[in-house]
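One structure is given here, and the rest of the page talks about it.
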Amino acid sequence: MAIQKNLACFIVSHPLNKFKGSFGTHSPRLFIRNPSSFLRLGTSICLLQRILAPFHSRSSSDRRTLFNNRRSMLDLITNLDDALKLFDEMTHRQPLPSVLKFNQLLQAVTKMKHYSSSIAFFKQMNVVGVPVDVYTINIVIKCCCQMYRTNEGFVILGFAFKRLVVPNVCTFSTLLHGLVLEDRVLKAEILFKKLIKEELCEPNAIMYSTMIKGLCNFGNNNTAISLLKLMDRKGCEPNVVTYSTIIDSLCKDKMVDDALKLFKEMVFHKGILPNVVTYTSLIHGLCNLCRWDEVSKMLKEMEDERIALNVRTYSTLVDALCKEGKVEDAESVINLMIERGTNPNIVTFNSLIDGYCLRGEMSKARKVFDFLGFRGLAADVMTYSTLLNGYCKNSNIEEAMPLFHEMIKNGMKPDVITYSIMLEGLFRVGRCKAALELFYEMRAHNQVPNECTYTIVLDGLCNNNQVDEALSLFHLMGDNKLNSDIFVYTVLIDGASKSGKLDIARILFNGLTVKGLQPDVRTYNVMISGFLREGLVGEARVLFSEMEERGCSPNSVTYNFFLQGILKNQQHDKVEMLLQEMDGKGFSLDASSVSLLLDHIKDRSLDASLLKLIGKLVPKDGVDAPSFMV
DNA sequence: GTAGGGTTAG
């Protein structure tokens, strides 16, 4: 296949090769397979005998078996069916096996993510009279929390109290984590404070880290940092996880410099070594800000510290390169990771597919998609959505539609994003009827349209001269948060004015204040361009000068719209002043403004002396390339 | 001798 040939070519010349041999320093033990995983379980009785045998004799060799059994339980139970049979056997034993054995079984089931089964086992344990302990309680609470049913976790806690089982710091950390998972940070804070105040347990690093994670999820980085300092003062040493949590949060909030500061504090003041996770967060943050030199520096640091990149680190690089349009380099990175013994996963390839889609190279995107099977990977909902998005954005609904059906046939459930992508694709090619059918179909499949979906539908209707339909749908939506969304309004105002219904656009715009909505710069921009489209330069100018007073500064787009408007309306005397203003504000001309200006200079309606100023306002070409691949 | 926390993608 051509793509495979390409992959081979790219790897040879790739500059990341200079790090070769350093990232992939995998310990050989990674390749030693656990022999027990080859054991096939015949019957559960055999399994039961293996696990319970040591409890009926106490010789030294049996104690060794017992020690080995610790691994056996987790390793041998590889499916729910075995676990069920074993549990059934155990509950029928006389005398009953110890709670430890039950806990191990529960833990094995929990590790397989069969949370509700774990809870069912727990209930059955109580029925048959196994005396549960704090370990049992903790496992079961974790199951509740993982299922986003933390309240039930608290019920279990109450049960524990009744049974005189004393909860410990693990119990409360699990519950705290459950609240964090459910975004109930306020409740988490209350619990955390209560634990300290009532001395129910002594918080340790894990508990602090959990609370810190909750605060970070809520965007409360500062409080998270305060808590980090507090734990330090309380003599509870933060570790690499604690620091990485905050570093990641800062990076996600684009506060990479703060993250780097914290990183330095961790390494140089605390002597805590960063790990691959810490570096991955920083690299991700730096990639998002296109700070390629520093990405390169981080990679070098990892090399020096002998910290191997993992699939997430590589995927971060692949994704960043793809978003920069450097898809070939992304392929090189994928080849490199394979060479170094890290297998790319479906996430890695989704980024690559998206990269080709963004460049409109759909046949290459498709080849990567078809190639997944060869690597033992299966496309997931996101893979399909990415490829569908590529086809739809490139107006190729003929390819998208069968793929969409294929996805459903393969047992994949399109989500609200998939539907939104398809809707956008259908509207783009003018197939409004099919789009509306799909819009109603998605609800039949329990996919609730979100703001984005509605915006696509309203925009699609407006662009296809169905403003009236758009407006009636908008009113049908009722008085919910969707029609108090300024973005949705902006789409409607734009749609109405573009289809020549400026009066409706004006009514919508003027109605904003009544609704208590503040127009944003995009709203002003579409309204101004609406006025200019109709030659209403005066009204456009009024709005243009009013927006600043109303606390919304015009941006580069506003100036370009306004400039194009006055050029089209032959108001040449205003041009120079506007250009000066743009220069003063550091704005630049877009491609259509430049070409329009040049046309007017060519036909002498504008003076050629403006060329110097225009030259100043043309943006410098070319985006900085990631230097770690130059 | 079993239990609790952190990283990637539309």
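Letters A, B, ... are given to chains in the order of the sequence lines, protein chains preceding strands, and every chain is numbered from 1.
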Quick one: which of [options] gets closest to the side chain of [X]?
{"X": "Asn103(A)", "options": "dT2(B), dG5(B), dT8(B)", "value": "dT2(B)"}
{"X": "Val347(A)", "options": "dA9(B), dG5(B), dT2(B)", "value": "dA9(B)"}
{"X": "Asp380(A)", "options": "dT7(B), dA9(B), dG1(B)", "value": "dA9(B)"}
{"X": "Gln107(A)", "options": "dT7(B), dT2(B), dA9(B)", "value": "dT2(B)"}
{"X": "Ser173(A)", "options": "dT2(B), dG4(B), dG6(B)", "value": "dG4(B)"}
{"X": "Val240(A)", "options": "dG4(B), dT7(B), dG6(B)", "value": "dG6(B)"}
{"X": "Lys142(A)", "options": "dT7(B), dG4(B), dA9(B)", "value": "dG4(B)"}
{"X": "Thr316(A)", "options": "dG5(B), dT8(B), dA9(B)", "value": "dT8(B)"}
{"X": "Thr242(A)", "options": "dG6(B), dG5(B), dA9(B)", "value": "dG5(B)"}
{"X": "Val277(A)", "options": "dA9(B), dG6(B), dG1(B)", "value": "dG6(B)"}

Tell me: [atom1] of [X] to [atom2] of [N], nearest whole Å?
{"X": "Asn239(A)", "N": "dG6(B)", "atom1": "CG", "atom2": "C1'", "result": "9 Å"}
{"X": "Lys213(A)", "N": "dG5(B)", "atom1": "NZ", "atom2": "P", "result": "12 Å"}
{"X": "Phe122(A)", "N": "dT2(B)", "atom1": "CZ", "atom2": "P", "result": "20 Å"}
{"X": "Leu195(A)", "N": "dG4(B)", "atom1": "CG", "atom2": "P", "result": "18 Å"}
{"X": "Tyr279(A)", "N": "dT7(B)", "atom1": "OH", "atom2": "C1'", "result": "14 Å"}
{"X": "Leu176(A)", "N": "dA3(B)", "atom1": "CG", "atom2": "C1'", "result": "16 Å"}
{"X": "His177(A)", "N": "dG6(B)", "atom1": "NE2", "atom2": "C1'", "result": "9 Å"}
{"X": "Leu299(A)", "N": "dT8(B)", "atom1": "CG", "atom2": "P", "result": "17 Å"}

**Asked** Do any side-chain nitrogens or oxygens of Lys252(A) fall under 4.0 Å of OP1 or OP2 in dT7(B)?
**Response**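 The answer is no; no side-chain N or O of Lys252(A) sits under 4.0 Å from OP1 or OP2.
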**Asked** Would you say dA9(B) has OP1 or OP2 under 4.0 Å from some side-chain N or O of Lys323(A)?
**Response**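 Looking at the OP1 and OP2 atoms of dA9(B), neither is under 4.0 Å from any side-chain N or O of Lys323(A).
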Under 3.5 Å, is there any donor-acceptor pair linking the side chain of [X] to the base of [N]?
{"X": "Ser209(A)", "N": "dG5(B)", "answer": "yes"}
{"X": "Thr245(A)", "N": "dG6(B)", "answer": "no"}
{"X": "Asn204(A)", "N": "dG4(B)", "answer": "yes"}
{"X": "Asn168(A)", "N": "dA3(B)", "answer": "yes"}

**Prompt:** What do you reckon, are the aromatic ring centroids of Phe159(A) and Phe154(A) less than 6.0 Å apart?
**Reply:**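 So the answer is no for these two rings.
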**Request:** Determine whether the aromatic ring centres of Tyr279(A) and Phe263(A) lie less than 6.0 Å apart.
**Result:**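 Ring-ring flag for Tyr279(A)/Phe263(A): true, centres closer than 6.0 Å.
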Flag the pair [X] and [Y] as a salt bridge only when some basic side-chain nitrogen lies within less than 4.0 angstrom of an acidic carboxylate oxygen.
{"X": "Lys393(A)", "Y": "Glu424(A)", "answer": "yes"}
{"X": "Glu265(A)", "Y": "Lys229(A)", "answer": "yes"}
{"X": "Lys261(A)", "Y": "Asp257(A)", "answer": "no"}

With heavy atoms under 4.0 Å as the rule, sort [X] into base, sugar-phosphate or nothing.
{"X": "Val381(A)", "answer": "base"}
{"X": "Asn350(A)", "answer": "base"}
{"X": "Asn275(A)", "answer": "base"}
{"X": "Ser385(A)", "answer": "base"}
{"X": "Ser244(A)", "answer": "base"}
{"X": "Val169(A)", "answer": "base"}

**Prompt:** Looking only at side chains, do Thr386(A) and Asp354(A) share a donor and an acceptor under 3.5 Å apart?
**Reply:**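 Looking only at side-chain atoms, Asp354(A) and Thr386(A) do not form any donor-acceptor pair under 3.5 Å.
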**Request:** Let me know which of Val276(A), Ile283(A), Val277(A) forms a side-chain contact (heavy atoms from CB on, under 4.5 Å) with Thr280(A).
**Result:**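 Output: one option passes, namely Val276(A).
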